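Comments concern the structure below.
Chain letters run A, B, ... following the sequence lines, proteins first, then strands; residues in each count from 1. Please read these numbers as outputs of a predicted model, since none were measured by experiment.
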Amino acid sequence: MTNGVLRVIGRLWPVPVALVLWELITRGAELPAFPPPSRIAAAMHTMWLTGPAERLWLSDAALTNIPASVGRLLAGWALAGAAGVTLGVALGRSPLLFRFVDPLIQFARAIPPPMLLPFFMALFAIGPRMQINVIAFGIVWPILINACEGARHVDRQHLDAARVFGLRGRERLLRIILPSAMPKIFAGLRVSLSLALILMVISELVGSTDGIGFQLLDAQRSYDLAGVWGSIVLLGALGYAFNAAFLAVERRVLSWHRSARQPA
Amino acid sequence: MIERNPLDSRLFCGAAGVAGLFCVLEVAGRTGLIDPLAFPLASTVVGRAASLVADAEFLSDVASTLGVWALGLLVTVAVAVPAGFLLGSLPRVESALRPITEFLRPIPSIALIPLALTLFSDRFDMKITLIAYAAAWPVLINTMYGLKDVDPLAKETLRSFGFGRLAVLWRVSLPSTAPFIATGVRLASAIALIVAISVELLGGGSEGIGSFVLETAGDLNPMEYIIAAALWAGVIGVVTNGLFVLAERRIFRWHSARTEAA
């Protein structure tokens, strides 16, 4: 127990050191664009933690902006995940279909996602529908391509075994193909999750009336630089939390895979 | 004797797929299934994309985006590769800095645009700085990763022949890390393009394909221009990525870098 605590301290000591240095340097330099971290923390507190105690002190801004952003991000990610896995597995199992759409997929994924923003804005007008579509369309490619790869390279012996046991159709898909494509699919989902955060921010910076990106832009327009920094810190923390949560889920879901692959 | 089935040819099927999508969209537009006012006809879009090649304004915007992209990527490599070597060869510094980089990395680079807008008076400097910040990560990480993969036997051999640390770095570590760096740079090139276009869309400048798209908003058929410009952006993405893949294959034929990142 104490060993674990010591190890965490041994690993994380540079963080407080960096914070103190940052505080000292920014206080000394007094550049308006670089507020000291204590001021940033205070700004974050005023922005999001000045609500009543029964709401865990969350302010109105926190309760409207954070769930709005996270909700759109997760909705876009879920949409991209469902579409990417379905299409990817279908393409991975059908070489003929794959040959027909491969150039289209390669082209579509090469379009830098921000270029889609004006398109979806013109198509849907500003709002959650536009944002979810931008996120989903921009991040679906890594999932689709990985699912396709994973479904294509199923171990021959596993497929032969499935045939011996008389598995076909749905059974074969759920018991053989999907599990063996799972590690690849998870790799795609992870890349997409960090891309989703980027697209969430950019879609909120361009066209939105709520969300963390909107609050960031609002702070910048009113020259509240501590607020700008605070929003950036919150976005970074969200990215960190999403990634950590994803890795934890992946470790649980794929634990069978790692043990199956280990030499006995 | 061998009868070739056209369905086995990647080229034939791929071309058929592209032509098929074009026809479906065209027919859907002409029959009114998709409102041509909301989503222009496929033939109109392709025609517009073709006519953009002769549009001096569009060409100068593309050149501007590509210039920013290339310089940003150059700065990225110039910063991230030496930093990767430094951190890779000083494990204690690396482990001390790791918690800090772990907090910095997940910050979406796009979120820094509003801050950068107040920091920089010059858009060009701002674009280069943001690109370098965002694109440096894959190069840095791949460099460090590749450095771990260097054959210790080769290093020891050279050292026992009396070569110094720098000579070993130059003769063994750098060539053996190069394929990993190349993969990192290829990933960074896609990020650099994303950041360049994002800044053009959000930064309110007047140069680049991002700005070109925004300026068409006042036109009669903005959607035509938006889709045509997006098509060209896709072409740029395919070509730049393809060039990197080609270069990697030619230069590092001796090395089968199995670093996969989607």
Legend entry - Interface moiety of V235(B) toward chain A, non-hydrogen atoms closer than 4.5 Å: both

Inset, instruction - Kindly check if the number of other-residue, nucleotide or ligand heavy atoms within 6.0 Å of CD (E207(B)) is above 12? - result: no

Legend entry - chain A contacts, top residue of L21(B), T240(B), L202(B), N241(B) (heavy-atom pairs, under 4.5 Å): L202(B)

Inset, instruction - Please flag which part of V238(B) lies under 4.5 Å from any non-hydrogen atom of chain A: side chain, backbone, both or neither. - result: both

Legend entry - Residue L225(A) versus chain B: region with a heavy atom under 4.5 Å: side chain

Inset, instruction - Examine whether an atom of S9(B) lies under 4.5 Å from a heavy atom of chain A, and if so say whether it belongs to the side chain, the backbone or both; otherwise answer neither. - result: backbone

Inset, instruction - Tell me, for E200(B) versus chain A, whether the close heavy atoms (under 4.5 Å) come from the side chain, the backbone, both or neither. - result: neither

Legend entry - Residue F34(A) versus chain B: region with a heavy atom under 4.5 Å: side chain

Legend entry - Atom CH2 of W48(A): over 12 foreign heavy atoms under 6.0 Å: yes

Legend entry - Close approach to chain B in residues 95-104 of chain A, criterion heavy atom under 4.5 Å: L96(A), R99(A), F100(A), D102(A), P103(A), L104(A)

Inset, instruction - Taking all heavy atoms of P112(A) and all of G234(B), pick out the closest pair and write down the distance. - result: CD-N, 4.5 Å

Inset, instruction - Heavy atoms only, distances under 4.5 angstrom: which of A16(B), A15(B), S198(B) has the most pairs with chain A? Name it, please. - result: S198(B)

Inset, instruction - Count the heavy-atom pairs under 4.5 Å between each of L119(B), T216(B), L193(B), I236(B) and chain A, then report the option with the highest count. - result: L119(B)

Legend entry - Parallel, tilted or perpendicular: rings of F103(B) and Y240(A) (30°, 60°): parallel

Legend entry - For chain A, which residues of residues 106-114 of chain B have heavy atoms nearer than 4.5 angstrom: P106(B), I107(B), P108(B), I110(B), A111(B), L112(B), P114(B)

Legend entry - Under 4.5 Å from a heavy atom of chain A, the part of F12(B) involved: neither

Inset, instruction - Find out whether I232(A) and L115(B) are in side-chain contact, i.e. whether some heavy atom of one side chain is under 4.5 Å from a heavy atom of the other. - result: yes

Inset, instruction - Examine whether an atom of W13(A) lies under 4.5 Å from a heavy atom of chain B, and if so say whether it belongs to the side chain, the backbone or both; otherwise answer neither. - result: side chain

Inset, instruction - Report yes if some heavy atom in the side chain of L231(B) is under 4.5 Å from a heavy atom in the side chain of F107(A); otherwise report no. - result: yes

Legend entry - M115(A) CE to I209(B) CD1 distance, which is reported to the nearest 0.5 Å: 5.0 Å

Legend entry - Per-residue contact mode, A229(B) against chain A (heavy atom under 4.5 angstrom): both

Legend entry - Structural part of A190(B) lying under 4.5 Å from a heavy atom of chain A: neither

Inset, instruction - Under 4.5 Å heavy-atom distance to chain A, tell me which part of I194(B) shows up: side chain, backbone, both or neither. - result: both

Legend entry - Among the listed options L195(A), L197(A), I143(A), N243(A), the residue most often paired with chain B at heavy-atom distances under 4.5 Å: L197(A)

Inset, instruction - Answer whether the closest heavy-atom distance between the side chains of L97(B) and P14(A) falls below 4.5 Å. - result: no

Inset, instruction - Evaluate whether atom CZ of R152(A) has more than 12 neighbouring non-hydrogen atoms of other residues, nucleotides or ligands under 6.0 angstrom away. - result: yes

Legend entry - L201(B) versus chain A, the contacting section by heavy-atom distance below 4.5 Å: side chain

Legend entry - Between CG on residue L117(A) and CD1 on residue I197(B), distance to nearest 0.5 Å: 11.5 Å

